[in-house]
K.L.:
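Here you go, one structure.
Not measured: the values here are computed from a predicted model. Each ligand, and each atom within it, is numbered from 1 in the order the structure gives.
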Amino acid sequence: MKMESPSDAPDAMRREAIPATAEALFDAVLASNQRTPNPRLKQVMDALLRHLHGFASEVQLSYAELEIALDFLVRIGKATGPEKHEGILLADILGLATLVGLNDSRKALAAGGTEPALVGPFWRANQPVREQGANIASAGTPGDRLFVNGRVLSLDGTPIGNARVETWQASPGGLYENQDPGQEDMNLRARFQTDEDGKFSFRSVRPAGYAVPVDGPCGELLALQQREIMRPAHLHFIVMAEGYKTLATQIFDADDPNAYRDVVFGAVGSLLHEFEKAPDGNYVLDLDLRLERGEMRIPMCPLP
Ligand code: BEZ
Ligand code: FE
């Protein structure tokens with residue numbers, strides 16, 4: 001059977017030069033996408049081309065600037081490895097990860113679902129499975145003690161048992177354990193399974209804010225923009241349960257001034273919580289995480 005190749009297509013017979021205008025060029029570029037068989041890819045590429053050409057024309061991007069941008073993207077790739085995912089960091093500092101999360105969960109939010117927040121570059125695969133009530137902070141971890149009591153619920157309030165809850169946080173010193181040779185491997189990280197009442201609980205330390213990594217191209221961009229580089233104190237959660245859309249979120253300490261100027265725009269609306277101080281001086285965080293029905297998905301894990 002003869003395979004159809006692009007040169008067999010009728011438009012390969014054209015012998016008309018593309019007029020040298022931005023409009024005619026855009027029409028030709030858009031036409032080059034019209035035979036894309038995957039409808040979603042076609043939709044995404046059509047819109048990407050429209051915005052990309054519109055953007056380059058709007059700012060009258062010069063060739064020298066295009067080279068800088070391409071070099072920036074190459075360096076984002078080179079700065080990504082087992083220690084750090086610079087690509088995720090880029091999506092985060094541009095507010096793109098937060099926007100995509102909000103759009104993805106619009107229906108759940110309207111029905112009282114928990115707001116999402118970006119996964120960020122520091123979730124690790126194979127976080128240790130721990131028992132309910134476990135202390136996830138290894139000996140010597142500084143900071144005030146924190147008790148987390150969580151429940152995983154459906155939008156109608158039904159407890160979701162057997163859900164997988166991933167959590168991780170930076171030490172009060174401002175670093176995740178994988179960034180810090182002074183911390184035990186997998187310190188302040190855990191995977192829990194909810195009980196039949198949808199509950200999970202653990203002990204930890206009250207987190208502190210930290211600076212995002214600025215040793216790569218994202219750091220250069222933040223400096224050129226004269227931006228703040230701090231994230232507010234937070235704990236990360238990813239909740240996965242059969243029959244429910246996966247929720248990735250973060251819970252922020254509303255007392256941290258950085259909660260109102262998060263460099264990655266993750267600290268939104270209802271995710272700011274008061275960490276209650278109990279009479280014994282320890283902090284308590286009571287938490288309901290509400291999931292929408294749908295297909296479970298395991299998010300891409302940025303770190304081994
Ligand atoms: C984080 O929350 O772990 C994070 C998110 C974006 C950039 C850096 C860190
Ligand atoms: Fe974080």
K.L.:
Using a 4.0 Å heavy-atom cut-off, which part of F265 comes near ligand 1: side chain, backbone, both, or neither?
P.N.:
neither
K.L.:
Checking the N or O distance criterion of under 3.5 Å, is ligand 1 in contact with D92?
P.N.:
no
K.L.:
Mind checking whether the Fe ion (ligand 2) has an N, O or S of Q169 under 2.8 Å?
P.N.:
no
K.L.:
Tell me whether R50 is salt-bridged to D46, with the criterion being a basic N under 4.0 Å from an acidic carboxylate O.
P.N.:
no
K.L.:
I'd like to check which ligand 1 atoms, numbered from 1 as shown, lie under 4.0 Å from a non-hydrogen atom of L89.
P.N.:
7 (C), 8 (C)
K.L.:
Please state which protein non-hydrogen atom is closest to atom 8 (C) of ligand 1 and give its distance, to 0.1 Å?
P.N.:
V212 CG1, 3.4 Å
K.L.:
Which atoms from ligand 1 have a heavy atom of F122 less than 4.0 Å away?
P.N.:
3 (O), 9 (C)
K.L.:
Taking only Lys NZ, Arg NE, NH1 and NH2, and the carboxylate oxygens of Asp or Glu, determine whether K277 and D144 approach each other closer than 4.0 Å.
P.N.:
no
K.L.:
Less than 3.5 Å apart, any donor N or O on the side chain of E166 or W123 sitting next to an acceptor on the other?
P.N.:
yes
K.L.:
Between Q169, R231, E115, which is the residue that forms a side chain to side chain donor-acceptor pair (under 3.5 Å) with Q250?
P.N.:
R231
K.L.:
Which heavy-atom pair separates A24 from P19 by the least distance, and what is that distance?
P.N.:
CB-O, 3.5 Å
K.L.:
What is the nearest protein non-hydrogen atom to atom 2 (O) of ligand 1, stated with its residue, atom name and distance?
P.N.:
R231 NH1, 2.5 Å
K.L.:
Could you establish whether W168 and ligand 1 come within less than 4.0 Å of each other, counting only heavy atoms on the residue side?
P.N.:
no
K.L.:
Measure the CG-CG distance between D104 and L109 for me, rounded to the nearest 0.5 Å.
P.N.:
10.0 Å
K.L.:
Once rounded to 10 degrees, what value does the angle at the Fe ion (ligand 2) take between OH (Y176) and NE2 (H236)?
P.N.:
90°
K.L.:
Which of the atoms of ligand 1 are close to G120, meaning less than 4.0 Å from one of its heavy atoms?
P.N.:
5 (C)
K.L.:
Can you see whether T141 engages N187 through a side-chain donor-acceptor pair at a distance of less than 3.5 angstrom?
P.N.:
yes
K.L.:
Can you see which heavy atom on V119 is nearest to which on A248, and at what distance?
P.N.:
CG2-CB, 3.7 Å
K.L.:
Look at Y210 and state whether any of its N, O or S atoms is less than 2.8 Å from the Fe ion (ligand 2).
P.N.:
yes
K.L.:
Any heavy atom of Y210 sitting closer than 4.0 Å to ligand 1?
P.N.:
yes
K.L.:
What residue among R206, E276, R145 forms side chain to side chain donor-acceptor pair (under 3.5 Å) with Y283?
P.N.:
R206
K.L.:
Can you sort out which atoms of ligand 1 are near L118, meaning under 4.0 Å from one of its heavy atoms?
P.N.:
5 (C), 6 (C)
K.L.:
What atoms in ligand 1 come closer than 4.0 Å to a heavy atom of H236?
P.N.:
1 (C), 2 (O), 3 (O)
